[in-house]
Amino acid sequence: MSFLKRLVDFLAPLGFLVAVGALAWARYGKTLPGGLRPYLIAALALVLLHLVLRWEDVARGLGRRQLKYGTNTLVLVVAVLGVLFLVNLLVSRNTKRFDLTKDQRYSLSDQTRKVVAGLKGEVKITYFQRQRDMAQGQDRLKEYQALSPKVKVEFVDPVQSPGKAQAYDARSPWPVLFVEQGDKRERVSNDGEQDITNALIKIGREGKKTVCFLEGEGERTGEESGERGFSGVKTSLTKSLYDVKNVFLMREKTVPADCTVLLVGGPEKDLLPETTGAIRDFVKKGGKAFVMVEAELKEHYPNLVALLKDWNIEAGNDVVVDVSGMGQLFGFSELAPLAIEYPWHPITKDFRLPTLYGGARSVQAGKGTVEGVSAQDLVKTSAQSWAESDLALKGPIKYEEGKDRMGPIALAAVATVTVPAPTPTPSPAPSPAPEAPKAPEGRVVAVGDADFASNALLAFQGNQDFFLNAVAWLAEDADLISIRPKEPENQALFLSRQVQQNVAWIALVILPALFVFLGVVSWWRRR
């Protein structure tokens with residue numbers, strides 16, 4: 001009998017050892033036969049069996065009063081655990097995440113959500129990464145899965161599944177991802193959101209789209225890497241999977257057929273009549289043009305201004321002054337207006353970021369009407385701005401009633417140009433009327449500044465998103481009109497040597513000495 005009691009006494013310690021051993025085994029990546037749960041259940045059963053078999057001894061050791069209080073405590077603990085279990089069950093079935101980081105680094109961007117929502121077929125993502133380094137990529141790809149049932153993700157450790165890695169020709173450095181839809185497959189060399197989303201865009205896009213930079217009159221092109229240049233724009237367009245090339249209309253006479261969007265990047269000289277004529281014909285036939293026209297501080301652009309009027313867009317002979325103080329907060333003068341108001345349009349839908357311009361002129365939809373043209377304002381400054389008519393800018397810049405125009409001032413406008421389809425030739429014999437062909441629709445975005453897209457200002461708040469949204473609308477890429485993923489900011493805290501020494505003194509000397517002093521004072525008072 002005593003032997004059985006001694007054997008019972010080993011049940012609880014044995015259960016404790018089983019639980020600790022199973023958890024340690026799983027912690028170091030080992031796989032237990034049947035999984036971890038059976039071992040934890042067995043450990044709990046051993047402890048409970050020990051308590052049941054030695055209940056009289058436990059009750060005698062505790063005493064009736066202690067047992068009563070202990071039982072009450074046990075009931076309360078069980079009740080609390082039950083409530084916590086129910087709460088966790090509800091939370092697991094109704095998940096809600098909150099990303100409180102500054103740049104929303106743990107949330108997918110608006111662009112990603114639109115791209116995933118617009119998937120036309122099932123997409124498979126195969127993610128190759130070592131198991132020990134897979135956590136971050138798993139979390140991000142599970143967010144993609146949560147957006148749409150069309151996204152299927154498979155996580156593969158290339159060391160544990162070498163055959164799978166060989167089938168995909170997946171090689172280190174890891175991670176490596178393969179995005180597949182139908183017979184299309186894209187390889188991605190990292191698990192960043194922008195690269196994954198770009199791969200989804202690429203496999204879903206039919207054909208190539210090209211943005212053509214006009215050159216010949218001093219326009220800015222993607223080859224310029226200085227502050228004034230558009231090399232940043234070219235990089236952004238390439239990442240958005242557009243082809244980019246330059247077009248010399250003075251030589252070619254017509255806009256090439258492969259140009260999806262023609263970009264006129266703030267020419268230094270006015271366009272020749274032949275050039276504006278080629279652009280006019282391009283838009284009339286359904287082409288898309290992005291025109292940036294600078295304020296006439298040094299040069300005049302009568303041909304370019306007249307071209308905009310054909311699309312019912314008026315470029316004012318002025319320069320916009322902003323005295324709201326917002327631009328000055330970022331180190332710019334009053335000649336760098338900050339725009340915060342965006343009339344509704346697909347380009348600026350849900351757009352809440354400020355955009356900054358340098359030496360801009362007003363550009364607005366015309367007051368009159370032009371047949372076949374629909375125009376509207378796109379970007380406006382604050383009420384603390386005006387359109388300055390004195391382009392000499394001599395002396396202090398002040399608003400003059402009757403000469404200047406008070407804000408808000410439109411800095412950009414958009415127009416659609418519809419050309420009536422030709423009337424079909426009537427048939428001599430009566431027959432069902434043929435369907436009228438769809439009328440071509442040209443699209444134009446005009447901005448009274450080119451500096452907003454330059455290397456100097458492209459990274460400012462919403463400038464890049466506004467530019468790319470305009471290109472996406474012109475190219476009829478509705479899924480790309482959104483706020484794109486941002487690179488996480490470096491938020492490291494750098495301390496000078498003096499500050500480091502001060503922190504060390506406070507943490508290692510002053511605070512410990514203060515607690516010792518308070519302890520001595522307390523001891524002295526008690527004496």
Side-chain angles (χ1 to χ4, degrees), residues 97-119 123-148 150-158 164-165 168-181 184-205 231-244 353 455 458-465 467-469 471-472 477 479-492:
R97 299 173 69 253
F98 298 94
D99 188 353
L100 302 179
T101 57
K102 179 182 177 182
D103 53 5
Q104 300 292 292
R105 67 174 60 189
Y106 300 115
S107 299
L108 296 178
S109 66
D110 292 344
Q111 184 193 41
T112 296
R113 296 176 184 275
K114 293 186 71 173
V115 169
V116 174
L119 291 175
V123 173
K124 180 183 177 183
I125 301 176
T126 307
Y127 180 63
F128 290 93
Q129 175 63 289
R130 296 299 305 275
Q131 184 68 40
R132 62 175 182 266
D133 302 321
M134 199 177 284
Q136 181 176 349
Q138 275 184 326
D139 291 342
R140 177 170 288 117
L141 290 172
K142 285 179 180 178
E143 290 187 44
Y144 278 84
Q145 281 184 296
L147 292 179
S148 173
K150 295 180 181 179
V151 179
K152 310 296 182 183
V153 182
E154 181 181 2
F155 301 97
V156 181
D157 186 330
K164 190 81 171 180
Y168 277 85
D169 193 24
R171 302 176 182 178
S172 62
W174 315 112
V176 174
L177 296 88
F178 293 88
V179 182
E180 302 172 83
Q181 186 178 52
K184 295 182 178 180
R185 175 186 290 181
E186 285 296 320
R187 178 190 177 103
V188 183
S189 58
N190 66 77
D191 53 14
E193 179 188 354
Q194 191 169 33
D195 294 284
I196 297 173
T197 300
N198 283 345
L200 292 174
I201 295 170
K202 193 169 184 178
I203 63 172
R205 174 173 287 178
S231 60
V233 158
K234 181 178 180 180
T235 301
S236 298
L237 290 171
T238 303
K239 286 184 178 180
S240 296
L241 308 179
Y242 292 103
D243 289 342
V244 178
L353 298 172
N455 296 334
L458 186 65
F460 178 85
Q461 297 291 321
N463 283 26
Q464 177 176 266
D465 283 321
F467 175 86
L468 292 177
N469 281 1
V471 171
D477 284 331
D479 291 344
L480 302 187
I481 301 176
S482 56
I483 305 301
R484 290 152 186 81
K486 303 291 186 183
E487 294 295 330
E489 296 180 9
N490 182 7
Q491 298 182 0

Problem set entry | Non-hydrogen side-chain atoms of Val176 and Arg187 separated by less than 4.5 Å | yes

Can you see which heavy atom on [X] is nearest to which on [Y], and at what distance?
X: Val156; Y: Pro158; answer: O-CD, 3.4 Å
X: Leu237; Y: Val471; answer: CD2-CG1, 3.9 Å
X: Phe128; Y: Ala165; answer: CE2-CA, 3.6 Å
X: Leu458; Y: Gly232; answer: CD2-C, 3.5 Å
X: Ala199; Y: Val179; answer: CB-CG2, 3.9 Å
X: Trp174; Y: Arg130; answer: CD1-CG, 4.1 Å

Has the side chain of [X] got a donor or acceptor atom that lies under 3.5 Å from a matching backbone atom of [Y]?
X: Lys150; Y: Leu119; answer: yes
X: Thr235; Y: Ser231; answer: yes
X: Asp157; Y: Gln131; answer: yes

Exercise. Applying the side chain to side chain contact (heavy atoms under 4.5 Å, CB included) test to Thr112, which of Leu200, Ile201, Ile196, Thr197 qualifies?
Worked result: Thr197

Seminar exercise, completed: side chain to side chain contact (heavy atoms under 4.5 Å, CB included) test vs Val153 passes for just one of Thr126, Ile125, Leu177, namely Ile125

For this session: Not counting sequence neighbours, which residues clear side chain to side chain donor-acceptor pair (under 3.5 Å) with Arg171? List them please.
Result: Asp169

Seminar exercise, completed: So NZ of Lys124 and NZ of Lys152: to nearest 0.5 Å the spacing works out to 12.0 Å

For this session: Any chance you could measure Ile203, atom CD1, to Glu180, atom CD, to the nearest 0.5 Å?
Result: 8.5 Å

Problem set entry | Step-by-step side-chain contact (heavy atoms from CB on, under 4.5 Å) determination, Tyr168 to Arg185 | CA-CA 10 Å; Tyr168 277 85; Arg185 175 186 290 181; 3.6 Å; yes

For this session: Decide yes or no on side-chain contact (heavy atoms from CB on, under 4.5 Å) for Asp477 and Tyr242, but give the supporting numbers first.
Result: CA-CA 11 Å; Asp477 284 331; Tyr242 292 103; 2.7 Å; yes

Exercise. Take atom NZ in Lys202; do more than 12 heavy atoms of anything else shown fall under 6.0 Å from it?
Worked result: no

Exercise. What do you reckon, is CD of Gln136 surrounded by more than 12 foreign heavy atoms closer than 6.0 Å?
Worked result: no

Exercise. With under 30° as parallel and over 60° as perpendicular, where do the rings of Tyr127 and Phe155 fit, or are they tilted in between?
Worked result: perpendicular

Problem set entry | Between Ser189 and Asp195, a side-chain donor and acceptor under 3.5 Å | no

Exercise. Does the distance from a Lys or Arg side-chain N to an Asp or Glu carboxylate O, for Arg140 and Glu193, drop under 4.0 Å?
Worked result: no

